[in-house]
Amino acid sequence: MGKTGRAADRKAHPALIGGAVAVAVGGAAFAAYGLYGGGSEEGRLSAAGTKPKAALPAGPVTAAEVRTTAGRFLAAWQRGDAEEAASYTDDPSAAHTALGAYRKDAHISEATLTSGAASGAKLSFRVSATVSYGDDSKPFAYDSQLTVVRRAADGEPVVQWRPSVAHPELKEGDRLVTGEAEDPAVKAVDRDGAELTAKEYPSLGPVLDGLREKYGEKAGGTAGIELRVVRKDGGKTSEAKTPEAKSSDEKAADKTLLTLSEGRPGTVRTTLSAKLQAAAEAEVAGRERASVAVVKPSTGEILAAANSDPGVDTALQGSLAPGSTMKIVTASMLLDKKIVESIDQPHPCPKYASYGGWKFQNVDEFEIKNGSFRTSFTASCNTAFISQATKLNDDDLTKQAQQVFGLGLGNWSIGVPSFDGSVPVQSKASMAASLIGQGMVRMNPLNVASVISTAKTGVFKQPYLVRPDVDHRALATAPRTMSPSTQEQLHELLHSTATSGSAAEAMAGLGPDIGGKTGSAEVDGQSEPNGWFAAWRGDLAAAAVVQQGGRGGKSAGPLVASLLKSAG
């Protein structure tokens, strides 16, 4: 069907009325039915000498119209006639641009398009083609789908143009491009030189993508030739930071669809431990929606990071309410400000506490009579912290989190994209809720592992996955350290929690140098809270979250304890 034939299609040609024309597309036959009714009124003048105005076709497109329209569109596309194919769509300009670039920029040729099943106005089809660039050439096949709609102007059936028609990975503004890869490949190795691959360690997929983006050129590799989806926004991410920066960074990355020739990868050494990473992968694989991060408190080195869903890096980039693990930060603030002068001084833990118009309670409405701050902390008493809100300024917790624990300043540079946590200034009830890790406080397992590491050593060490001397970047530091008295007492609180408090069951048998904290975070719409657990053993610290897992000691606790034990 040429362009002359296309123009004829838009008129009621007597030879086509009520008949059909077969259009071959990749071996499949499409019945191209006449799109007009009987011809008795066509060309007939009324008694007044005027031609009656025909009613526009209306209602849902028919199965015949779907097949006919799809057949014409696919046949033109297969011939490489972007202009004609675009004319069968509801947005000829956008379709012409995309289908023209399909050959010119993506270097896709010899396409055979074969129709598949139809369902209502939708029709699936398969593309079998060849991608060629220089001396490199490879076959390329995929499935896609189109939808036929009525054009508003005249009711004719046309293909509803969407970038995904050309390829299902395409969104508005994206492009298919074949050429030299933007970033050379990298070979990531662990701290001892063992290679780390996404096949063996599925959770590292996003990490390896981040390493390639940041260190591909620096590592000395050479780029290969690939067909990729280039996103409208460039697909680049940064090493994230504040909630605002994080939201702007959460964009789809460019995606490689076909590698025509491999480049030579450069080697990037990480701080990860292949042994611990394997153990972390095994732990999260046996749970739903679990994420964990393991760090070395004395240095900040990240030893492992894993997620049940390998495609979502909650361990390093997640943003969740941390629940009662936040009480580590809150307790240090109360000690620093001398609101709590001694962890063994009497401290209230009633069933309920109110502040800012909200009524807070403990899990199962428990209370501790004649207790101390130590007993309240080890039992994770919410009201023991809410009751102190009247003594605090709205920004006290934010300052403690930022200045002592290095959270929420937007300056972590771990080597791949990450989220630094957020503890914004809040007031009234929301401020009180933030004391127990609710409200607008947001963290991920890496942040919480860093918090308990700082509590153990007394000094914030920014976590990192690639040593800073690799690219001469500066690591974040905290503006101040907690006082020696605060650090000593906070260390004791966490040790007591791990040996005789809410974390004791999970931490049993892990030796004398341990500390831990449980947490549960309520989330709107969830029947069960997110379970959190953070702990250290010697010079190893880990934190985990199991979303909708319930109590942290039961859900996330065994995961963390198992990893601490596996390190020997």
Side-chain angles (χ1 to χ4, degrees), residues 206-207 209-211 213-215 233-253 271 291 293 295 299-302 305 312-322 325-326 328-330 332-333 393-427 430-431 434 437-455 459-482 534 543 545:
V207 170
D209 289 342
L211 291 173
E213 182 177 308
K214 187 172 179 64
Y215 297 101
D233 54 32
K236 294 292 183 179
T237 56
S238 62
E239 287 181 51
K241 314 309 184 170
T242 63
E244 292 76 15
K246 184 179 188 298
S247 64
S248 67
D249 285 342
E250 288 181 336
K251 302 167 182 174
T271 60
S291 300
V295 301
T299 62
E301 294 168 279
I302 300 171
V312 181
D313 193 2
T314 301
L316 304 183
Q317 299 186 56
S319 176
L320 303 168
T325 58
M326 185 65 187
I328 300 173
V329 179
T330 306
S332 74
M333 175 189 64
N393 297 318
D394 288 346
D395 63 351
D396 281 343
L397 186 64
T398 301
K399 288 180 177 178
Q400 188 75 6
Q402 293 179 343
Q403 296 176 5
V404 176
F405 290 87
L407 297 166
L409 290 172
N411 58 356
W412 287 22
S413 181
I414 76 171
V416 295
S418 67
F419 175 54
D420 299 6
S422 175
V423 187
V425 176
Q426 300 172 85
S427 61
S430 294
M431 186 275 277
S434 69
Q438 298 278 178
M440 295 302 295
V441 177
R442 294 292 182 267
M443 294 192 204
N444 54 47
L446 178 63
N447 304 145
V448 177
S450 176
V451 165
I452 200 165
S453 294
T454 301
V459 180
F460 167 68
K461 296 284 188 179
Q462 186 223 284
Y464 61 90
L465 192 136
V466 177
R467 291 180 58 86
D469 56 12
V470 170
D471 52 354
H472 308 292
R473 70 189 190 282
L475 298 183
T477 58
R480 64 183 176 89
T481 59
M482 67 182 77
V545 61

### Task
Test L446 against I414 for side-chain contact (heavy atoms from CB on, under 4.5 Å), laying out the working first.
CA-CA 11 Å; L446 178 63; I414 76 171; 4.2 Å; yes
### Task
List the steps and the verdict of side-chain contact (heavy atoms from CB on, under 4.5 Å) for V295 and E301.
CA-CA 6 Å; V295 301; E301 294 168 279; over 6 Å; no
#### Entry: Audit row: S450, W412, side-chain contact (heavy atoms from CB on, under 4.5 Å) steps and yes/no
CA-CA 12 Å; S450 176; W412 287 22; 4.0 Å; yes
### Query
Between V423 and M440, does a side-chain contact (heavy atoms from CB on, under 4.5 Å) hold up when you go through it step by step?
CA-CA 7 Å; V423 187; M440 295 302 295; over 6 Å; no
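For T477, the side-chain hydrogen bond (donor to acceptor under 3.5 Å, both in side chains) test picks out no residue, with sequence neighbours left out. Annotation: side-chain hydrogen bond (donor to acceptor under 3.5 Å, both in side chains) contacts of S291 (sequence neighbours excluded): N307. Qualifying side-chain hydrogen bond (donor to acceptor under 3.5 Å, both in side chains) partners for Q403, counting only residues two or more places apart in sequence or in other chains: R480.
Looking at M431 and V425, their side chains never come closer than 4.5 Å, going by heavy atoms from C-beta outward. Side-chain atoms of T299 and K461, non-hydrogen and from C-beta on, never get closer than 4.5 Å to each other. Between M326 and T330, some side-chain heavy-atom pair lies under the 4.5 Å cut-off. Between L465 and V207 there is a side-chain heavy-atom pair separated by less than 4.5 Å. Contact of the V441 side chain with the P322 side chain is registered, since non-hydrogen atoms from C-beta on lie closer than 4.5 Å. Looking at L407 and L409, their side chains never come closer than 4.5 Å, going by heavy atoms from C-beta outward. Taking 4.5 Å as the limit, some side-chain heavy atom of Y215 sits within range of a side-chain heavy atom of D471. Considering only heavy atoms from C-beta on, I302 stays 4.5 Å or farther from Y464 through its side chain.
If you take CE on M482 and CZ on F405, they are separated by 4.0 Å, rounding to the nearest 0.5 Å. Residue Q462 holds its CD atom at 7.5 Å from OG of S418, rounded to the nearest 0.5 Å. With rounding to the nearest 0.5 angstrom, the NE2 atom of H472 is 12.0 Å from the CZ atom of R467. Separating the CG atom in L397 from the CD atom in Q402 is a distance of 10.0 Å, to the nearest 0.5 Å.
In terms of heavy-atom proximity, A449 sits nearest to A543 at N-CB, 3.4 Å. Summarising the geometry of S427 relative to D394, their closest heavy-atom pair is CB-OD2, 3.3 Å, with the distance given to 0.1 Å. Across all non-hydrogen atoms, the minimal contact from V329 to Q400 is O-CG, 3.9 Å. Nearest heavy-atom pair, I328 versus A455, reported as atom, atom and distance to 0.1 Å: CG2-CB, 3.9 Å. The two atoms that bring T314 and N444 nearest to each other are O-CB, 3.3 Å, heavy atoms only.
For the residue pair R473/S413, the side-chain donor-acceptor check at 3.5 Å is satisfied.
Proximity of a side-chain donor or acceptor of S422 to a complementary backbone N or O of G408 within less than 3.5 Å is not detected. Here the side chain of N447 pairs a donor or acceptor atom with the backbone of F419 at under 3.5 angstrom.
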